[in-house]
Enquirer: 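This is the structure I want to talk about, given as structure tokens.
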Amino acid sequence: MLPAVARGYRGWFHPCARLSVRMSSTGIDRKGILANRVAVVTGSTSGIGFAMARRLARDGAHVVISSRKQQNVDRAVAELQGEGLSVAGIVCHVGKAEDREQLVAKALEHCGGVDFLVCSAGVNPLVGSTLGTSEQIWDKILSVNVKSPALLLSQLLPYMEKRRGAVILVSSAAAYYPAKELGVYNVSKTALLGLTRTLALELAPKDIRLHENESFWKNFKERHQLQRIGESEDCAGIVSFLCSPDASYITGENIAVAGFSSRL
């Protein structure tokens, strides 16, 4: 097993970005651990997605952010570039094939390849029962929350192979503890658990790891005796870790960032 672990570190950095790895007496500076890498983060102009994009950029990656509204993209890009971070942005409705194609093209402008895909975009247009949900709402939720991450990955795959990258699907604690008022949304987030395991098998031969990061569901605070409500930044560090060389032997894993354990 040791050779396989070591293999994950060779060829990690690509000489295509303008950022550099900063070294210290103890090794690679954490702030440059993702230098010369390219990350695409969907649904990343606010909330958890924005926090993840910021952390990846702070750790050295060039990050392509996206969301459905131009003004949100412009605001997020301006804020991160104002911090001196290497970011670009584009409007992308992940449920639209043409928007996904444009997102891929934007990512390739930087150095012709992509290392990390973080799928944070998601929708929940209805609060109500599962059996009372119309077919139109079923199609919208499953299309955006489940189908679009797989389709976007398929479009990016030729540019991610053999770059020792990672894919992270952002789910929800609702995948484990559904609420009846969230209906189909619960189902879509549980489906991401299966998608993570399945895609991990397909991506392993291509040197791409796959993980799922489950975001915190706020009304769990009382049920699980949590001391505080989760913040967007609580999810950012684990995403950066999963993209780093330190996680090179982790794949197909569901990791809860929830303030409680979702398993034994």
Side-chain angles (χ1 to χ4, degrees), residues 8-9 11-17 19 21 28 30-45 48-67 76 80 85-90 92 94 100 103-121 148-171 192 195-196 199-200 202-204 206-213 215 235-253 255 257:
Y9 291 87
W12 186 269
F13 298 107
H14 299 276
C16 56
L19 300 174
V21 180
I28 299 177
R30 179 69 218 182
K31 293 182 179 179
I33 197 70
L34 301 180
N36 301 330
R37 308 285 267 167
V38 178
V40 172
V41 187
T42 68
S44 51
T45 58
I48 293 173
F50 181 75
M52 292 173 175
R54 170 183 269 155
R55 177 57 182 266
L56 292 173
R58 285 178 173 175
D59 282 346
H62 172 72
V63 180
V64 180
I65 64 174
S66 66
S67 70
L80 295 181
L85 301 176
S86 180
V87 300
I90 188 171
C92 178
V94 294
R100 295 194 302 268
L103 176 59
V104 172
K106 186 69 173 180
L108 297 180
E109 287 179 3
H110 193 64
C111 67
V114 172
D115 301 287
F116 313 120
L117 171 62
V118 182
C119 294
S120 182
S148 67
L151 292 177
L152 178 57
L153 176 56
S154 69
Q155 290 171 276
L156 279 172
L157 189 58
Y159 311 103
M160 294 183 70
E161 292 187 62
K162 306 306 179 184
R163 294 173 66 93
R164 306 195 188 284
V167 177
I168 296 160
L169 307 181
V170 179
S171 182
L192 282 179
L195 183 62
T196 300
L199 291 181
E202 296 183 25
L203 296 178
K206 304 179 186 298
D207 279 344
I208 301 174
R209 295 171 289 110
L210 197 134
H211 321 274
E212 183 162 51
N213 178 56
S215 60
C235 298
I238 188 65
V239 170
S240 182
F241 163 72
L242 291 173
C243 290
S244 77
D246 292 332
S248 65
Y249 212 51
I250 301 174
T251 191
E253 189 60 71
I255 300 174
V257 183

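These values consider heavy atoms only, across backbone and side chains, with no hydrogens, waters or symmetry-generated copies.
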Enquirer: Restricting to side-chain hydrogen bond (donor to acceptor under 3.5 Å, both in side chains), what partner residues turn up for T45, sequence neighbours left out?
Expert: S67
Enquirer: I'd like to check the side chain to side chain contact (heavy atoms under 4.5 Å, CB included) partners of E109; sequence neighbours left out, ordered by chain and number.
Expert: K106
Enquirer: So which heavy atom on R37 is nearest to which on R163, and how close?
Expert: NH1-O, 2.9 Å
Enquirer: Do you know the tightest heavy-atom contact between G237 and R55?
Expert: CA-NH1, 3.5 Å
Enquirer: Could you tell me which non-hydrogen atom of I65 sits nearest to which non-hydrogen atom of A53, and how far apart they are?
Expert: CG2-CB, 3.7 Å
Enquirer: Measuring only between side-chain heavy atoms, which start at C-beta, is R100 closer than 4.5 Å to V104?
Expert: no
Enquirer: I'd like to check the side chain to side chain contact (heavy atoms under 4.5 Å, CB included) partners of T42; sequence neighbours left out, ordered by chain and number.
Expert: S66, V94, L103, C119, A121, L152
Enquirer: Between atom CG of L169 and atom NE2 of H211, what is the distance when rounded to the nearest 0.5 Å?
Expert: 10.0 Å
Enquirer: Partners of A39 by side chain to side chain contact (heavy atoms under 4.5 Å, CB included), sequence neighbours excluded?
Expert: L56, V63, F116
Enquirer: Could you check whether any side-chain heavy atom of V38 comes within less than 4.5 Å of a side-chain heavy atom of Y159, counting everything from C-beta outward?
Expert: no
Enquirer: How close do M160 and L117 get, counting heavy atoms only, and between which atoms?
Expert: CE-N, 4.1 Å
Enquirer: Indicate the atoms forming the closest heavy-atom contact of L192 with V170, along with that distance.
Expert: CD1-O, 3.7 Å
Enquirer: Restricting to side chain to side chain contact (heavy atoms under 4.5 Å, CB included), what partner residues turn up for T251, sequence neighbours left out?
Expert: A200, R209, L210
Enquirer: State, with a plain yes or no, whether a side-chain heavy atom of L157 is found less than 4.5 Å away from one of L203.
Expert: yes
Enquirer: Indicate yes or no: at least one non-hydrogen side-chain atom of M52 is less than 4.5 angstrom from one of C235.
Expert: yes
Enquirer: Only one of S248, C243, S244 clears side-chain contact (heavy atoms from CB on, under 4.5 Å) with D246; which?
Expert: S244
Enquirer: How many angstroms lie between CD1 in I208 and NZ in K162, if you round to the nearest 0.5 Å?
Expert: 9.0 Å
Enquirer: Heavy-atom distance under 4.5 Å between the side chains of L199 and V167, does that happen here?
Expert: no
Enquirer: What's the separation between atom CZ in R164 and atom CG in D115, rounded to the nearest 0.5 Å?
Expert: 11.5 Å
Enquirer: Quick check for you: to the nearest 0.5 Å, what is the distance between E212 atom CD and L242 atom CG?
Expert: 11.5 Å
Enquirer: For the pair F241 and I250, evaluate side-chain contact (heavy atoms from CB on, under 4.5 Å) and give the outcome as yes or no after the intermediate values.
Expert: CA-CA 11 Å; F241 163 72; I250 301 174; 3.9 Å; yes
Enquirer: Report the residues that fulfil salt bridge (charged side-chain N to carboxylate O under 4.0 Å, His left out) with E161, sequence neighbours left out, ordered by chain and then residue number.
Expert: K206
Enquirer: If you measure from CG on L108 to NE2 on H110, what distance do you get to the nearest 0.5 Å?
Expert: 11.5 Å
